[in-house]
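Keep in mind that what you see is a predicted model, and the values were worked out from it rather than measured.
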Amino acid sequence: MIPMLGTNSPEVPAFVPKVFAKFNLERLGTINSKQWNFFLLKEVRTLVSKGSALMLNQIATLFEFILNSMDKRLQTRRKMEKKSSTIVDPVAQWNFTSANRFQLGFLHAAQDNLRSTLSLLGVKFYVDLSRKSIGLERSSVKLRVSDLRAALQDVELITEIFVEYNYPALISTIIEGCSLELASECSYLDDVGGRGVRVFTSNIKPQPLEVNDDKETSFRRQAIVRYVHSPEIKRAMLYIEPDKLNVKQQELLMRKFNCTSKGQLYRKLLFYHAGMTCRAVLKSLQSYAKQEDSTKFGWSSEYNASYAAGSLFLVVCKQKPVSECLPAGFALEVMSCWLQDALSRWVRWKSKIKNEFLRWRDSYGKHPPNLLDVTANPILSADFKEMMCVEGCFNSRWALGKQLEFLFLERQGELSEFEITQIPLAIRHRRGSRLLLLNCPVETSGSARDVDCCDASSTPICYASKVTSNSSV
């Protein structure tokens with residue numbers, strides 16, 4: 001358990017937990033049976049009356065994972081068969097041997113939530129051990145791909161109509177968790193900034209960003225979660241409030257997050273705010289630690305903010321107060337979606353873009369991308385930073401501590417001037433790999449430290465290597 005450092009200090013504001021998402025029951029009278037593609041009207045009303053909005057998100061995530069798995073299988077079959085052949089509507093099943101460990105962790109942690117929420121919709125979750133797969137059934141009839149697509153559309157419509165998200169409450173809770181964790185892990189910085197890490201980070205407040213441009217390039221540069229500090233607004237975490245955007249900006253936001261419905265957008269924004277808040281807190285800590293980056297576009301500081309963001313997010317979600325406010329499996333659900341997005345980007349990128357990312361990654365931020373296609377492109381710039389959040393992710397508090405030491409211990413002044421000569425093996429990138437790497441989550445157990453590694457194959461195949469307490473790294 002993390003000690004509540006500075007909780008009683010008058011400089012640390014009192015933290016009051018709030019609900020992140022809830023159903024608006026007043027809207028139940030506005031719906032009719034013709035709106036739904038798969039579920040019955042009474043099932044929708046039962047879900048909204050008795051269910052949880054955050055657990056509904058997990059249902060949508062499960063549906064997406066199954067459909068993505070089926071899409072890959074169908075694409076493979078189409079390549080093997082003649083182009084003129086037709087493929088019947090198959091039973092929707094997810095072979096869990098092809099799932100990454102974030103997804104498996106999510107399924108294991110959230111299985112009770114999934115079963116209880118699905119039961120409100122008249123659907124059951126089953127495991128087919130003979131096929132090593134999971135699927136869904138209704139009235140003893142297994143759902144097919146077309147059924148699941150219709151069900152996902154309904155879930156997203158339920159989200160759009162009924163769910164009210166409180167993004168500031170989520171961000172405040174994540175900031176509080178980060179503040180406690182960083183105060184515990186980075187006590188060596190207390191004398192650097194003069195006020196204490198706990199006091200500095202706990203006073204960062206969420207504030208909706210104001211987007212004043214409808215042009216896509218400018219919009220993408222502005223519509224990101226980030227830390228700002230000025231005499232007018234002091235220390236603030238800018239976040240995206242979709243309801244405050246005009247129609248054109250909402251369309252640009254849906255394009256940015258590759259969404260087909262507002263319900264899907266609201267859910268993705270919840271995940272985005274949860275994960276990227278950790279990155280922004282680390283970015284703020286650079287100014288506290290008196291670090292500077294005078295290079296063009298600040299790629300060294302951007303790398304440092306991304307490198308430990310995923311690890312910090314996973315660790316914070318296991319600690320109070322964050323763990324008390326989220327459903328089981330939420331952190332792994334977010335990381336699973338992050339990973340899915342990262343893999344899809346990697347497949348889309350041309351070789352020269354991949355090489356620029358690897359060059360930046362393998363130099364630990366010291367060698368920024370050279371291509372104008374990256375530095376001048378707000379989409380690729382954001383993709384690089386978010387990709388690095390996944391690449392550097394460990395589900396180990398010990399590994400997070402090593403990452404933070406690498407980023408902040410005795411590192412002041414110009415970041416680009418520091419010589420990076422010794423990096424603990426446990427948190428080192430596999431230099432020169434031409435394939436996406438991933439440090440998948442492994443829990444710390446006993447006196448040994450679980451260190452996450454990744455096999456260099458086209459699909460992340462992960463293994464755990466034990467580093468005992470008396471081993472050197």
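The closest side-chain donor-acceptor pair between Y165 and N57 falls under 3.5 angstrom. Using a 3.5 Å distance cut-off with no hydrogens or angles, the side chains of N395 and K318 do pair a donor with an acceptor.
The OG1 atom of T117 sits 5.0 Å away from atom CD1 of I59, with the distance rounded to the nearest 0.5 Å. A distance of 7.0 Å separates CZ in F200 from CG in L285, rounded to the nearest 0.5 Å. For the atom pair CG of L47 and CG of L121, the computed distance is 4.5 Å after rounding to the nearest 0.5 Å. With values rounded to the nearest 0.5 angstrom, M335 atom CE is found 8.5 Å from L332 atom CG. The distance from the CZ atom of F63 to the CG atom of L118 is 5.5 Å, given to the nearest 0.5 Å. Rounded to the nearest 0.5 angstrom, T30 OG1 and L28 CG are separated by 7.5 Å.
No side-chain donor-acceptor contact under 3.5 Å links S306 to the backbone of C389. D154 contributes a side-chain N or O that, together with a main-chain N or O of N37, makes up a donor-acceptor pair within less than 3.5 Å. For S179 (side chain) and I175 (main-chain N/O), no donor-acceptor pair under 3.5 Å exists by modelled atom type. In terms of modelled atom types and a separation under 3.5 Å, the side chain of Y266 and the main chain of E156 share no donor-acceptor contact. With hydrogens and angles disregarded, no donor-acceptor distance shorter than 3.5 Å links the side chain of N113 to the backbone of M55. Between the side chain of H273 and the backbone N or O of L269, at least one donor-acceptor pair lies under 3.5 Å. Judged by distance alone, the side chain of S119 and the main-chain N or O of S116 form a donor-acceptor pair under 3.5 Å. Panel note: side chain S311, backbone G392; a donor-acceptor pair is recorded below 3.5 Å. Not one N or O on the side chain of Q319 forms a donor-acceptor pair closer than 3.5 Å with the backbone of V316. Side chain of Q35 to main chain of N32: a donor-acceptor pair is present (N/O by atom type, distance under 3.5 Å, no hydrogens or angles).
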task = Determine, step by step, whether R267 and T61 satisfy the side-chain contact (heavy atoms from CB on, under 4.5 Å) criterion, reporting the C-alpha distance in whole Å, the side-chain angles of both residues, the deciding distance to 0.1 Å, and the verdict.
result = CA-CA 9 Å; R267 178 168 56 92; T61 299; 3.4 Å; yes
ask   = Between L400 and F394, does a side-chain contact (heavy atoms from CB on, under 4.5 Å) hold up when you go through it step by step?
value = CA-CA 7 Å; L400 172 63; F394 294 84; over 6 Å; no
ask   = Given F96 and S69, is the side-chain contact (heavy atoms from CB on, under 4.5 Å) satisfied, shown in steps?
value = CA-CA 9 Å; F96 48 74; S69 174; over 6 Å; no
side-chain contact (heavy atoms from CB on, under 4.5 Å) assessment of Q286 paired with D293 = CA-CA 10 Å; Q286 294 174 4; D293 186 1; over 6 Å; no
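A salt bridge links R149 and D71; the closest N-O separation between the charged side-chain nitrogens and carboxylate oxygens is under 4.0 Å. Using a 4.0 Å cut-off between charged side-chain N and carboxylate O, E302 and R279 make a salt bridge. Between R198 and E176 there is a salt bridge, since at least one side-chain N of the basic residue sits less than 4.0 Å from a carboxylate O of the acidic one. Of the charged side-chain nitrogens involved, at least one lies within less than 4.0 Å of a carboxylate oxygen, so that R345 and D383 count as a salt-bridged pair. Ion pair E164/R27 flagged as a salt bridge, since at least one NZ, NE, NH1 or NH2 atom sits closer than 4.0 Å to an Asp/Glu carboxylate oxygen.
Using a 4.5 Å cut-off on side-chain heavy atoms (C-beta onward), V155 and F39 make contact. In this structure the side chain of R361 never reaches within 4.5 angstrom of the side chain of M387, judged on heavy atoms. Residues P17 and P321 fail the side-chain proximity criterion, which asks for heavy atoms closer than 4.5 Å. Contact of the I66 side chain with the L136 side chain is registered, since non-hydrogen atoms from C-beta on lie closer than 4.5 Å. Annotation: side chain of F38 is in contact with side chain of R138 (closest heavy-atom distance under 4.5 Å). Inter-residue side-chain proximity for T201 and C178 is flagged as unmet; no heavy-atom pair is nearer than 4.5 Å. Side-chain atoms of V163 and F23, non-hydrogen and from C-beta on, do get closer than 4.5 Å to each other. You'll find the side chain of S184 reaches within 4.5 Å of the side chain of R397, heavy atoms only.
Of the residues listed (F297, Y303, Y307), the one engaging W360 in a ring-ring contact (aromatic ring centres under 6.0 Å, His included) is Y303, and it is the only one. Looking at L170, L238, T277, I171 one by one, the single match for side-chain contact (heavy atoms from CB on, under 4.5 Å) with P206 turns out to be I171. When each of L245, L253, V247 is tested with Q249 by the rule side-chain contact (heavy atoms from CB on, under 4.5 Å), just one qualifies, namely L245.
Scanning both residues, F125 and L114, for their nearest heavy atoms gives CE1-CD1, 4.4 Å. Closest non-hydrogen pair, D89 versus R144, comes out as O-NH1, 2.7 Å. Heavy-atom minimum distance, W94 versus A99: CZ2-CB, 3.6 Å. In terms of heavy-atom proximity, C186 sits nearest to V197 at O-CG2, 3.8 Å. When all heavy atoms of A169 and F20 are compared, the closest pair comes out as O-CE2, 3.4 Å. The shortest non-hydrogen separation linking F408 to A289 is CD2-CB, 4.1 Å.
Using the six-membered ring where Trp is involved, W349 and F384 have ring planes that are tilted, between 30° and 60° apart. Ring geometry for F65 versus F106: interplanar angle over 60°, hence perpendicular rather than tilted (30 to 60°). Aromatic ring pairs are classed by plane angle as parallel below 30°, tilted from 30° to 60° and perpendicular above 60°; the pair F257 and Y272 is perpendicular.
Heavy-atom neighbours of K205 NZ from other residues, nucleotides or ligands within 6.0 Å: above the threshold of 12. The environment of CG in N24 is crowded: more than 12 heavy-atom neighbours from other residues, nucleotides or ligands sit within 6.0 Å.
Ring to ring, Y167 and Y239 are not that close: their centroids are 6.0 angstrom or more apart.
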